[in-house]
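Below is one structure, written out as structure tokens; the observations come after it.
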Amino acid sequence: MSHVHCPECGFQNPESANYCSKCGALLIHDEPSGATTMTFASDELLDDTGPPLDDLGIEGTALVVRSGGGRQGETFPVDADRVEIGRSPETDVFLDDVTVSRSHAVLSRDEEGYTIEDRGSLNGTYVNRRRVEKAKLEDGDEVQIGKYRLAFLSRV
């Protein structure tokens, strides 16, 4: 059983207590920093999808932010066999928002093309508005990671 120590008198209180049972002071509960992922409903997103994909002049393979986080139009080239997507700064596609898990999804390439796989995220990974655990991607598919809607482009 965990305990919370009173900041005023040092008395050891049960973790569920909000006030010290000895002196009545407000107890401060430490929360892990950066460990929170928020849930949201997908209908909270605006349907603003930006300019037509053909106007972007993308060559090769890329993920393009269509909406979410004020990053519309930002492009992430996909030139590796494995691309990690998440909220952690160490990921290849860094989406800094609490609706995105730290290691949200992985985009991988093999001889048949590209596949996206969810990594057990809280909000899930969607391809063309359907929640998927793993899905093959085609040129123009919409990928939703948290509140971000991205277009998968494969223009060879």
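FYI, the numbering just counts along the sequence from 1.
Follow the hydrophobic side-chain contacts under 4.5 Å out from V106 and you never reach V100; the two are in separate clusters.
Using a 4.5 Å cut-off on side-chain heavy atoms (C-beta onward), L150 and F152 make no contact. Here the side chains of V78 and Y114 are in contact, with some heavy-atom distance below 4.5 Å. You'll find the side chain of L107 reaches within 4.5 Å of the side chain of L63, heavy atoms only. Contact of the T99 side chain with the D97 side chain is registered, since non-hydrogen atoms from C-beta on lie closer than 4.5 Å. Side-chain contact between L137 and V127: present, with at least one pair of heavy atoms (C-beta onward) separated by less than 4.5 Å. The side-chain heavy atoms of L153 and T61, taken from C-beta on, include no pair separated by under 4.5 Å. Considering only heavy atoms from C-beta on, C23 comes within 4.5 Å of C6 through its side chain. Residues Y148 and R66 form no side-chain contact, since every pair of their non-hydrogen atoms from C-beta on lies 4.5 Å or further apart.
Without hydrogens or angle criteria, D139 side chain to S154 main chain gives a donor-acceptor distance under 3.5 Å. Distance alone, capped at 3.5 Å, places no donor-acceptor pair between the N123 side chain and the I145 backbone. S108 contributes no side-chain N or O that, together with a main-chain N or O of R82, makes up a donor-acceptor pair within less than 3.5 Å. The backbone N or O of V93 sits less than 3.5 Å from a side-chain atom of T91, completing a donor-acceptor pair. H104 places no side-chain N or O within donor-acceptor distance of the main-chain N or O of E84, the cut-off being under 3.5 Å.
By the 6.0 Å contact criterion, CZ on F94 is enclosed, its count of non-hydrogen atoms from other residues, nucleotides or ligands being greater than 12. Counting heavy-atom neighbours within 6.0 Å of K134 NZ, excluding the residue itself, gives a total of 12 or less.
Remark: D81 pairs with R109 by the salt bridge (Lys or Arg N to Asp or Glu O under 4.0 Å) rule, at least two apart or across chains.
Annotation for L27: hydrophobic cluster partners, listed by chain and number, are V4 (ILVMFWY side-chain heavy atoms under 4.5 Å, direct or chained).
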Under the criterion side-chain contact (heavy atoms from CB on, under 4.5 Å), I'd like the reasoning laid out for E138 against K136: C-alpha separation, chi angles, the key distance, then a yes or no.
CA-CA 7 Å; E138 302 291 334; K136 184 168 174 34; 3.7 Å; yes
Test side-chain contact (heavy atoms from CB on, under 4.5 Å) on H5 and N13; report intermediate values, then the result. CA-CA 6 Å; H5 292 276; N13 293 277; over 6 Å; no
- Message: Show, in sequence, the C-alpha distance, side-chain angles and deciding distance for E142 and R129, and conclude whether the salt bridge (charged side-chain N to carboxylate O under 4.0 Å, His left out) test is met.
- Response: CA-CA 7 Å; E142 178 187 85; R129 300 186 186 222; 3.6 Å; yes
### Query
Should D118 and V132 be marked as a side-chain contact (heavy atoms from CB on, under 4.5 Å) after you check the CA-CA gap, both sets of side-chain angles, and the distance that decides it?
CA-CA 7 Å; D118 187 78; V132 298; over 6 Å; no
Original post:
What's the verdict on side-chain contact (heavy atoms from CB on, under 4.5 Å) for V65 and F76, showing C-alpha distance, side-chain angles and the deciding distance?
Top reply: CA-CA 8 Å; V65 178; F76 298 95; 3.8 Å; yes
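Taking CD from Q12 and OG from S21, the interatomic distance works out to 10.5 Å, rounded to the nearest 0.5 Å. Remark: S103 OG to R119 CZ distance equals 3.5 Å, nearest 0.5 Å.
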